[in-house]
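Values below: every heavy atom of this structure, side chains too, minus hydrogens, waters and symmetry copies. Indexing begins at 1, ligand by ligand and atom by atom, following the structure's order. Just so it is clear, the structure is predicted and the values come from calculations on it, not from any experiment.
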Amino acid sequence: MADRIQMKNPIAELDGDEMTRVLWALVKEKLLLPHIGLKTEYYDLGIMNREATGDAVTSESAEAIRRLGVGVKCATITSNAARKAEYGLKNLFPSPNGTIRAILDGTVFRKPITVSCVKPSVSTWKKPIVIGRHAYGDQYKASEMLIPGAGKVEIVYTPADGSGEKRITLAEMKESGIVQGVHNLDESIKNFARSCFLYALGEKLPVWFATKDTVSKIYDGRFKELFNQVYETEFREKCAAAGLDYFYTLIDDAAARMVKSSGGFLWACQNYDGDVMSDLIASAAGSVAMMTSVLVSPSGAVEYEAAHGTVQQHYYRWQKGEKTSTNPIALIFAWTGALTKRAELDNTPPLAAFAKRLEEATLGAVEEGEMTGDLMRLADPAPAKALNSWEFIGAVKKRLEA
Ligand code: NAP
Ligand code: MG
């Protein structure tokens, strides 16, 4: 193995749970280690190690991503009551992805991986649409109240410096009902805009951003204003030099244009819009197993992962001895994304070339009819039989080594 491609600096490697943990080890053994002198700082985010470390391993892994500039993450269980019983946990820790996002203050970009035998539901789409979702605030950090009967609901701002408070009437309730208070932060919105333009420049994509500022003049109006300010002051020249446009419109107009477009742009979305649109795009583009996810921090640090979860049901079948047909493509692309970024930062073209060959070998297998069951159900023409994960990774390995 003396001729393996060498790495200059390590990647933060975050291992995870269940079926994706099984595939993680398999992808490393069969597709990475024979070809590269893989350098990683390994963090085990498997549920039992998060429990054993009081979840410290999660924050440590996020710090490592920040320090090293690049991370790759396996899917992890978000613990809940059922998982507590299943694994005999003492604690319920927050979602690891939430913890990592909070530390890196990042924006998540989701991009479908496309193959010619799986046609998107929208016939005009020729290139993938990438969703950049602002992952802070709005409905996701809302305070809500059930209002039992008639009365006045107000919003009160009490400045920390003791200066005069501000109050507005939210509603004069005539009867019982509901209220919700949401917020966002200027700096978070600006960092969201920065992450979007940084990602778009890296991927050479034009940027769309949309809100409902005609209705929400102050709240969405602020989003529009700050996003535009970041573009004008920090990115207009860079985008122009790269031949990339920035386009702002209303959210309903953006949705209507999106389904008539040929794709090939980054759609920056507020938190709720991004939640809905990323699932819509994933499902219209093909399969959840073909969606990659990248967290881009305004500092420039990036974390790559598959968008799907730990594929729990397949794991239970694997534990009973079945060789499941779980699709490892998004997981392979998480690795190739991280290796490509590492190569760019370290200026090591052979590493970037290897990542590209691995992506080509992976998609080449599918294009030639070797694929897992989830894709077989969507493919036209459909192959005669589906491969299990081990056979599929073998088919990729054969092409990689040809
Ligand atoms: P999931 O793991 O994404 O799986 C849901 C279903 O989607 C699977 O049962 C399977 O359908 C299909 N699927 C997903 N990935 C696939 C793949 N690679 N190949 C083939 N089919 C695939 O979601 P979940 O079952 O709701 O969540 C399981 C665990 O993952 C939960 O504990 C959750 O907390 C965690 N999770 C983690 C992340 C993350 O770390 N980023 C994200 C989401 C969820 P069929 O059974 O029909 O084949
Ligand atoms: Mg969602």
Requested in this report: Would you verify whether the NZ or CZ of R133 falls within 45 degrees of the ring axis of F209 while also being under 6.0 Å from that six-membered ring's centre?
Outcome: no
Query raised in the report: Quick one: does H314 get within less than 4.0 Å of ligand 1, heavy atoms only?
Result: yes
Could you check whether [X] pairs with [Y] (Lys NZ or Arg NE/NH1/NH2 to Asp/Glu carboxylate O, under 4.0 Å)?
X	Y	value
K73	E13	no
E359	K356	no
K212	D273	no
D213	K224	yes
K119	D380	no
E360	R399	no

Among all protein heavy atoms in this structure, tell me which lies nearest to [atom], with the distance rounded to 0.1 Å.
atom	value
atom 7 (O) of ligand 1	V288 CG1, 4.1 Å
atom 2 (O) of ligand 1	V311 N, 2.7 Å
atom 34 (O) of ligand 1	T78 N, 3.0 Å

Mark up the atoms of ligand 1 that fall under 4.0 Å of a heavy atom belonging to [X], in ascending order.
X	value
A75	40 (O)
G309	1 (P), 2 (O), 3 (O), 30 (O), 36 (N), 37 (C), 38 (C), 42 (C), 43 (C), 44 (C)
N97	39 (C), 40 (O), 41 (N)
Q312	28 (C)
R83	29 (C), 31 (C), 32 (O)
K73	40 (O)
T326	17 (C), 18 (N), 19 (N)
E305	41 (N)

State whether any protein heavy atom lies less than 4.0 Å from [atom].
atom	value
atom 26 (O) of ligand 1	no
atom 18 (N) of ligand 1	yes
atom 5 (C) of ligand 1	no
atom 47 (O) of ligand 1	no

Query - Option with minimal heavy-atom separation from atom 35 (C) of ligand 1, where the choices are L23, L331, T76, T20 - result: T76
Query - D15-Y42 side chain donor-acceptor pair, cut-off 3.5 Å - result: yes
